[in-house]
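Residue numbers start from 1 in every chain, and the chains themselves are labelled A, B, ... in the order their sequence lines are given, proteins ahead of strands.
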Protein chains: 2
Amino acid sequence: MGNAYNVMAATCPSRTVLHRIGARWTVFIVNALDNRPMRFTQLKAHIRGITSKALTETLRAMEYDGLISRTETPANPPHVEYALTDLGRSLLTPLRAVREWAESHVPDIERARAQADAQR
Amino acid sequence: MGNAYNVMAATCPSRTVLHRIGARWTVFIVNALDNRPMRFTQLKAHIRGITSKALTETLRAMEYDGLISRTETPANPPHVEYALTDLGRSLLTPLRAVREWAESHVPDIERARAQADAQR
DNA sequence: CGGGACGGTATAGATTTTATACCAGTATCT
DNA sequence: AGATACTGGTATAAAATCTATACCGTCCCG
């Protein structure tokens, strides 16, 4: 019982989905919201190096896709919380694995690069 | 015993790694080489919509990072085979999960988008 | 009144991706 | 012999995306 979608097909909707979840900052936001909701400035501080614009745009796209919820509490200073939805939480499993792979294979990659550099 | 790397730090080497494995076409190539080596034109035909340039550059970067091997067999017409290395195969597990998530959650995402569109 | 926190926008420049064409070497067809 | 096709790519320019930097309005605190 495979499903009908195949990312290898240029026009398959799953490719759009893969493109979205593979976007530059999505993996960071999903991992950041892992176990707690976060506010805009918290996210910006936590994901070092992201600009407000990139954060805003990625959050908007993820909200549109139903991966996160945006909750505005009327108060001042303004209080806006972002949290993973159930759908977003289901994405956490694979994306956490990707993050963990990156963090645990740095030495392997550096070794491969050094070896490739030495070869020439 | 966590490791010393953290992708949330702007200058952590793991971020460079994450950036590389999150690059546009890496997930496609890793999944395509899943169970068999493939030649350039096979890959290009299998991953519908990729251009020669994107394929060449992604393959070169992945080879540099030690994720794939490139084997040129002296024959004509030219015969060049790309295959996952052990390191690349270890990346297959998380990236296959990402691909599968994309393929299996298309209806959820489409539903969320339709609902967001309806709301305005 | 001055200054800061919050949740962002605006604008322009840099980088990356895509589209389109083209190439050299060999083999095969006519 | 000449035309054609397949392989594994390059070259070039245009289009899309990402980053850097500055700035905003509202409110509160002192």
* Using atom CZ of A:Arg48 as one end and atom P of D:dT19 as the other, report the distance to the nearest whole Å. => 17 Å
* Structure fact -> Quick tally for nucleotides 15-21 of chain C: nucleotides whose base has a protein heavy atom under 4.0 Å get B, sugar-phosphate-only ones S, the rest -, giving --SBB--
* Asked: With under 30° as parallel and over 60° as perpendicular, where do the rings of A:Trp25 and A:Phe28 fit, or are they tilted in between?
  -> tilted
* Which residues in residues 61-72 of chain B have at least one heavy atom lying under 4.0 Å from any atom of DNA chain D? -> B:Arg70
* **Flag if over 12 foreign heavy atoms under 6.0 Å of NE2, B:His79** => yes
* Which residues pass the side-chain contact (heavy atoms from CB on, under 4.5 Å) test with A:Arg96, sequence neighbours left out? -> A:Asn31, A:Asp34, A:Leu92, A:Glu100
* To do: Sequence neighbours left out, what passes salt bridge (charged side-chain N to carboxylate O under 4.0 Å, His left out) with A:Glu103? Give chain and number order.
  => A:Arg99
Enumerate all atom pairs, one protein N or O and one N or O from nucleotides 26-30 of chain D, separated by less than 3.5 Å.
from, atom 1, to, atom 2, distance (Å)
D:dC27, O3', A:Asn76, OD1, 3.2
D:dC27, O3', A:Asn76, ND2, 2.7

* Is there any salt bridge (charged side-chain N to carboxylate O under 4.0 Å, His left out) pair reaching into residues 42-57 of chain A, and which pairs are they, with sequence neighbours excluded? -> A:Lys53-A:Glu57
* Expressed in angstrom and rounded to an integer, what is the separation of A:Ile50 atom CD1 from C:dG7 atom P? -> 15 Å
* Tell me: CD of B:Gln42 to P of D:dC6, nearest whole Å? -> 15 Å
Side-chain donor-acceptor pairs of residues 106-119 of chain A under 3.5 Å, sequence neighbours excluded:
from, atom 1, to, atom 2, distance (Å)
A:Asp108, OD1, A:Arg111, NH1, 3.2
A:Arg113, NE, B:Asp65, OD1, 2.6
A:Arg113, NH2, B:Asp65, OD1, 3.2
A:Arg113, NH2, B:Asp65, OD2, 3.3
A:Asp117, OD1, B:Tyr64, OH, 3.0
A:Asp117, OD2, B:Tyr64, OH, 3.0

* Partner residues of B:Pro78 under the side-chain contact (heavy atoms from CB on, under 4.5 Å) criterion, sequence neighbours left out -> none
* To do: Go through the structure and list residues passing side-chain contact (heavy atoms from CB on, under 4.5 Å) with B:Ser104, not counting sequence neighbours.
  => A:Asn3
* Go through the structure and list residues passing salt bridge (charged side-chain N to carboxylate O under 4.0 Å, His left out) with A:Arg89, not counting sequence neighbours. => A:Asp86
* What residues in residues 27-40 of chain B put a non-hydrogen atom under 4.0 Å from any atom of DNA chain C? -> none
* salt bridge (charged side-chain N to carboxylate O under 4.0 Å, His left out) with B:Arg70: which residues, sequence neighbours excluded? -> B:Glu72
